[in-house]
Each structure stands twice: as structure tokens, then as C-alpha cells.
Amino acid sequence: MKKQRGFTLVELIIVMGIILMLSGFATINLVKQQNTTSVNSSVDVLVSDIKSQQTKAMAGVKGDLSNNISFGIYFQSDRYVLFRGTTFSSTDSANFTVFFDENIAFSDIKFPNNTIVFQVRSGEVSGFAPGGNTLTIQNVSGLEKKTVTVNRYGVVININ
């Protein structure tokens with residue numbers, strides 16, 4: 001009698017189960033990494049926009065210091081608006097809105113009136129209040145979040 005060579009059905013099911021478990025773990029880790037990357041990239045864009053608005057306030061419009069115009073950022077739950085002037089006006093055509101991805105949102109905004117305004121020439125934060133200078137960006141579908149802290153001089157001093 002000849003001996004049959006090959007795998008049994010039980011052996012094949014066990015191997016397929018192991019492969020499915022490993023691919024499941026890899027998928028979970030990739031989703032977590034995507035959430036972290038999404039929050040980090042949103043923070044990077046926000047910090048860049050904060051620096052840009054502060055630089056505009058310090059330099060004046062197109063480098064003309066005779067145009068004493070403040071610049072600021074107005075924060076909403078899923079977006080923020082770059083504006084010019086000392087207060088946010090939703091009807092100003094010069095406003096520029098930055099939208100987050102659908103899973104990214106501000107979860108805690110501690111700036112007065114959800115606004116940060118940079119003073120002309122000095123670039124300092126108007127109406128700075130200690131303890132009222134942070135905001136948190138969070139991935140609403142995960143646990144990833146970053147808190148951005150700005151000091152009285154308009155400098156981002158901490159991201160954690």
C-alpha cells in the first residue's frame with residue numbers, strides 16, 4: 001500500500017487561523033498608526049498657521065508697517081479661521097478657513113472667545129490670560145490627542 005502525502009484538513013485550518021490572527025493584529029496596529037499620524041499632521045499645520053498669523057501681525061500687511069493690522073485665529077470644533085483685525089468677523093471675505101479631516105476635532109479650547117489675536121509689531125497675544133492659552137486636538141474615533149500651549153509672546157511652547 002502507498003502512503004498518502006499532504007496536509008490534513010485540521011492542519012490547514014490551524015495554519016489559516018494563525019494567519020488570520022496575525023493579519024488582524026497588523027490591521028489594528030495600522031489603524032492606530034493612522035490615527036496618530038492624522039493628529040500629528042493636524043497639529044503641524046495648526047502650529048504653522050499660528051506662526052504665520054503672528055509673523056503677519058509683526059511685519060504688517062505686505063511688509064508695510066504703516067498698516068497696523070492685527071491677525072488672529074478663530075477656533076471652532078472641526079475647523080479654524082485665519083482672520084485679520086482685532087476681532088473675528090464671519091462676513092469678512094479675507095477670512096481663510098482650514099477644515100480638519102472628518103475624524104479630527106478640537107476637544108478643549110481655552111482661548112478667550114475661542115480666539116487668539118496677535119498684536120501689531122510685537123506679535124504678543126492680545127488679552128493673554130495664564131491658564132487660558134491651550135487647545136486640544138483629538139481624533140474622535142480613537143484616543144489620540146495633542147494639547148498645544150501658546151505663551152504670552154505667541155510662541156508655541158508645548159505640544160503633548
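Sequence positions, counted from 1, serve as the residue numbers for this chain. All figures in this text were calculated on a predicted structure; none of them were measured in a lab.
A distance of 11.0 Å separates CD in Q119 from OG1 in T86, rounded to the nearest 0.5 Å. For the atom pair CZ (F99) and OG (S42), the distance works out to 14.0 Å, reported to the nearest 0.5 Å. Distance check, rounded to the nearest 0.5 Å: CG of L82 to CD of Q53 gives 4.5 Å. Atom NZ of K56 is separated from atom OG of S70 by 13.0 Å, given to the nearest 0.5 angstrom. A distance of 10.0 Å separates CG in N133 from CG in N158, rounded to the nearest 0.5 Å. If you take CZ on F100 and CD on Q76, they are separated by 11.0 Å, rounding to the nearest 0.5 Å.
Under the 4.5 Å side-chain heavy-atom criterion for ILVMFWY residues, a single connected hydrophobic cluster contains both I109 and I50. Using a 4.5 Å cut-off between side-chain heavy atoms of Ile, Leu, Val, Met, Phe, Trp and Tyr, with links allowed through other members, V47 and I116 fall into the same hydrophobic cluster. Cluster annotation: F111 is connected to V45 through the hydrophobic network of ILVMFWY side chains, with a link wherever side-chain heavy atoms come within less than 4.5 Å.
Note on ring orientation: taking the six-membered ring where Trp is involved, the planes of F75 and Y80 are tilted (angle from 30° to 60°).
Within the 4.5 Å cutoff, side-chain heavy atoms of T8 are placed close to those of V10. At least one side-chain heavy atom of F106 sits under 4.5 Å from a side-chain heavy atom of I137. The side-chain heavy atoms of T55 and F71, taken from C-beta on, include no pair separated by under 4.5 Å. When side chains are defined from C-beta on, D49 counts as touching V98, because their heavy atoms get closer than 4.5 Å. Looking at L46 and L135, their side chains come closer than 4.5 Å, going by heavy atoms from C-beta outward. Between N95 and F88 there is a side-chain heavy-atom pair separated by less than 4.5 Å.
Partners of I18 according to the side-chain contact (heavy atoms from CB on, under 4.5 Å) rule, which considers only residues two or more places apart in sequence or in another chain, are I14, L22.
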Identify every side-chain donor-acceptor pair in residues 140-157 under 3.5 Å, counting partners at least two apart or on other chains, and give the distances.
| unit_1 | atom_1 | unit_2 | atom_2 | d |
| --- | --- | --- | --- | --- |
| S141 | OG | N139 | OD1 | 2.7 |
| E144 | OE1 | T36 | OG1 | 3.3 |
| T147 | OG1 | T136 | OG1 | 3.1 |
| N151 | OD1 | Y153 | N | 3.0 |
| N151 | OD1 | G154 | N | 3.2 |
| N151 | OD1 | V155 | N | 3.0 |

